Trainee: 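Dropping a structure here in structure tokens format, bear with me for questions.
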Number of protein chains: 2
Amino acid sequence: MQQVIDIISKMRSLNGELRKREQRVADFVLSNLDQISFLTQGEIAQAAGVSAATVHRFCVSVGCEGFRDFKIRLAQSVAVSLQYLDGNSAEASQTDQLVSQVFGALVDMLNTARQQLDNASMTEAIALLAGARRIVFFGVGGGSANVAREGANRFFRLGLPAEAHADGYFQRMLASTLSTGDVVFAISASGQPQELLDSISIARQYGASSISLTKSGSDLANLTDVSIGIDIPEDQDIYKPSASRLVFIAIIDVLAAGAARERPEEVKEFLRRIRTSLVTLSKDTGPKPIGD
Amino acid sequence: MQQVIDIISKMRSLNGELRKREQRVADFVLSNLDQISFLTQGEIAQAAGVSAATVHRFCVSVGCEGFRDFKIRLAQSVAVSLQYLDGNSAEASQTDQLVSQVFGALVDMLNTARQQLDNASMTEAIALLAGARRIVFFGVGGGSANVAREGANRFFRLGLPAEAHADGYFQRMLASTLSTGDVVFAISASGQPQELLDSISIARQYGASSISLTKSGSDLANLTDVSIGIDIPEDQDIYKPSASRLVFIAIIDVLAAGAARERPEEVKEFLRRIRTSLVTLSKDTGPKPIGD
DNA sequence: GCCAAAATGAAAAAGAATTACAAAATGGGG
DNA sequence: CCCCATTTTGTAATTCTTTTTCATTTTGGC
């Protein structure tokens, strides 16, 4: 399997550095992402007002082996985002559109989050969690409290002793009963809540380790031993709150999966199982309605 | 934008109906999904032990215009799942792999769920929810209870009166206080819990409408006015439980978004906002680390 | 076992991509 | 401001793929 290059990012980052005519090709490609893969080199050349050879050179400039290679890579880069943006507004029903847009936003957000994830932090967090005597999830507010519960649920099922608490007072009380070997896992979209900051400080005083899943650079993030930072643009858009919550849950999933594999030898098998259980690739789920 | 055909599903549904040699091509393609797009027709022919012409005929048989077309469509179908399966096992760290696999599974599951969603049911559900005087979410067991809470949270924020309950006894009691105009929303991965079935029956007796989000064809699904059925293969794989929960939350998100838009005129603007907030396509988030 | 129909492969034809090379544009120094 | 070296671009030849055609093989029914 070859090195995967994100062609779209590459084109954008090369903006301005390309030769004049190649830049014209890049502009044309970027504004017709969804169609490029079904055009021939010649057609693109004509549409962009350059020669076929220039289109080819452009492909090489962005790191591909040639036009063929470029077409495939672009198709792959575009497919993920595109699958949700197409669906001819005209023929698809409104509900259909709604589903596409919301699911699309979620998938997109998962992808974005994935790129933000810091490998080292995740690794540290997994190590801490796997070795914990007791894991306590703290979250405040409807959303984060739910994520905390979900996290506890998740780890509990894996056989790791976990619990979740949403009450600020109780959190502080509980924090003072912890000691070395225990892990506090603080969850907050904003990273601001004073209750959480207090609880973490207390827990740390008594020797417990701390992990935070929150906005990077926030007070909470700075306070914990390990911080998993995620920056999801949080404007007031209606669908956003749960989108970021979804991302949080996904991340906890990764941590749980990581903690569950104690021994290195089992990792390969573990990953293999996840891989083969991918629905699309492995199981026939019967005919899937396309537009309906 | 052309009609999107899910090539992989098509190949699977055609299994057995293809001509002998074409079936060989299909088998080869299906077991080398990630590489096909970078091979030529001739190479595939050789690898599958057939002639180039047969490969071409195979492409036409699965609904493509030719081999070129097939390659692109396959690349698109595969891209979503594939983006998580690559990452040269050799150079990527184990944690990295873990993140890729888990996120990939989630995205894949979202896609699968999306294809299973029944438009009509969603539309009905949205209508019911938007017009509800009171929405009561019922879920039993750790997972579904959390989803119920999340749902209540979600609708509550949108200004719709929603609450969630996880206790079986309380659910039955509450059910008997409902009446016309109220909506019971039952959530269950299995669709089996007796408490839920009872509660729904009771609520219906008193005139409340009912919606279920559960396994299609289950007892619960059959009992409610509107049933949103999802079949996520639920084996004992370690990451699965929360994956299906995630899908549930995503679906509730769609319902909430749908219910939030009361007037048709606002729909366009609403969708536009979601669309433009897609991170990948709209914002340059700077250079994205590929393998790290 | 023979014949008609279907399936397959070989090879020719058509079509695209790649390469080589020549022409045009650019830019720096006299 | 012009000339030369260098870079950029287009044209055309070449190579490689795909597509089509047609002959051969296989299959299945009688």
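These numbers come from the heavy atoms of this one structure, side chains and all, not from hydrogens, waters or symmetry mates. Letters go in sequence order (proteins before strands), and every chain restarts at 1. A quick note: this is a predicted structure, and the numbers were derived from the prediction, not measured.
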Trainee: From CZ of A:Arg68 over to C1' of D:dC16, roughly how many Å is that when rounded to an integer?
Mentor: 6 Å
Trainee: List, with names and distances, any nitrogen or oxygen atoms from the protein found under 3.5 Å away from nitrogen or oxygen atoms belonging to nucleotides 23-27 of chain D.
Mentor:
residue	atom	partner	partner atom	Å
D:dT27	OP1	B:Lys20	NZ	3.3

Trainee: Which listed nucleotide (C:dG9, D:dT18, D:dT9) is nearest to the side chain of B:Gln41?
Mentor: D:dT18
Trainee: Heavy-atom distance under 4.5 Å between the side chains of B:Val254 and B:Leu117, does that happen here?
Mentor: no
Trainee: Run the numbers on A:His56 and A:Val60 for side chain to side chain contact (heavy atoms under 4.5 Å, CB included), then give the verdict.
Mentor: CA-CA 7 Å; A:His56 185 258; A:Val60 175; 4.1 Å; yes
Trainee: Taking the six-membered ring for Trp, is the centroid-to-centroid distance between A:Phe58 and A:Phe70 below 6.0 Å?
Mentor: yes
Trainee: Is the distance from OP1 or OP2 of C:dA7 to the nearest side-chain N or O of B:Arg19 less than 4.0 Å?
Mentor: yes
Trainee: Whole-Å distance between D:dC16 C1' and A:Asp69 CG?
Mentor: 16 Å
Trainee: Looking at every heavy atom in both A:Ser121 and A:Ser227, which two are closest together, and how far apart are they?
Mentor: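 Nearest pair, atom of A:Ser121 first, then A:Ser227: OG-O, 3.3 Å.
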Trainee: Please state how far atom CD in B:Gln46 lies from atom P in C:dG9, giving the value in whole angstrom units.
Mentor: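 Whole-Å distance recorded here is 13 Å.
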Trainee: Is any side-chain N or O of B:Thr54 closer than 4.0 Å to OP1 or OP2 of C:dG9?
Mentor: yes
Trainee: In this structure, how many angstroms lie between the P atom of D:dT18 and the CD atom of B:Glu43, rounded?
Mentor: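 So the CD-P distance, B:Glu43 to D:dT18, works out to 8 Å.
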Trainee: From NZ of B:Lys71 over to C1' of C:dA17, roughly how many Å is that when rounded to an integer?
Mentor: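 Whole-Å distance recorded here is 11 Å.
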Trainee: NE2 of B:His56 versus C1' of D:dT21: gap in Å, rounded?
Mentor: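 It works out to 13 Å between those atoms.
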Trainee: Rounding to a whole Å, what distance do you find between A:Ile44:CD1 and D:dG10:C1'?
Mentor: 18 Å
Trainee: How close or far is atom P of C:dA16 from atom CD of B:Glu65, stated in whole angstroms?
Mentor: 12 Å
Trainee: For the helix from C:dG1-D:dC30 to C:dG30-D:dC1, what angle separates the axis at the start from the axis at the finish, each from five pairs, in steps of 10°?
Mentor: 20°
Trainee: How close do A:Leu14 and A:Ser61 get, heavy atom to heavy atom, and via which atoms?
Mentor: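 Where A:Leu14 meets A:Ser61 most closely, the heavy atoms are CD2-O, 3.6 Å.
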Trainee: Which heavy-atom pair separates B:Gln23 from B:Leu18 by the least distance, and what is that distance?
Mentor: OE1-CB, 3.6 Å
Trainee: Please name the pair of heavy atoms, one in A:Met11 and one in A:Leu30, separated by the smallest distance, quoted to 0.1 Å.
Mentor: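 Minimum heavy-atom separation between A:Met11 and A:Leu30: CE-CD2, 3.9 Å.
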Trainee: Can you check whether B:Phe67 reaches B:Lys71 side chain to side chain, under 4.5 Å on heavy atoms?
Mentor: yes
Trainee: Take a 6.0 Å sphere around CD of B:Glu43 and say whether it holds more than 12 heavy atoms from other residues, nucleotides or ligands.
Mentor: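 Yes, CD of B:Glu43 has more than 12 neighbouring heavy atoms, counting only those of other groups under 6.0 Å.
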Trainee: I want to verify a distance call: between D:dT20, D:dT18, D:dG10, whose nearest atom is closest to the B:Ala53 side chain?
Mentor: D:dT20
Trainee: Does A:Arg57 make a side-chain donor-acceptor contact with the base of D:dG10, cut-off 3.5 Å?
Mentor: yes
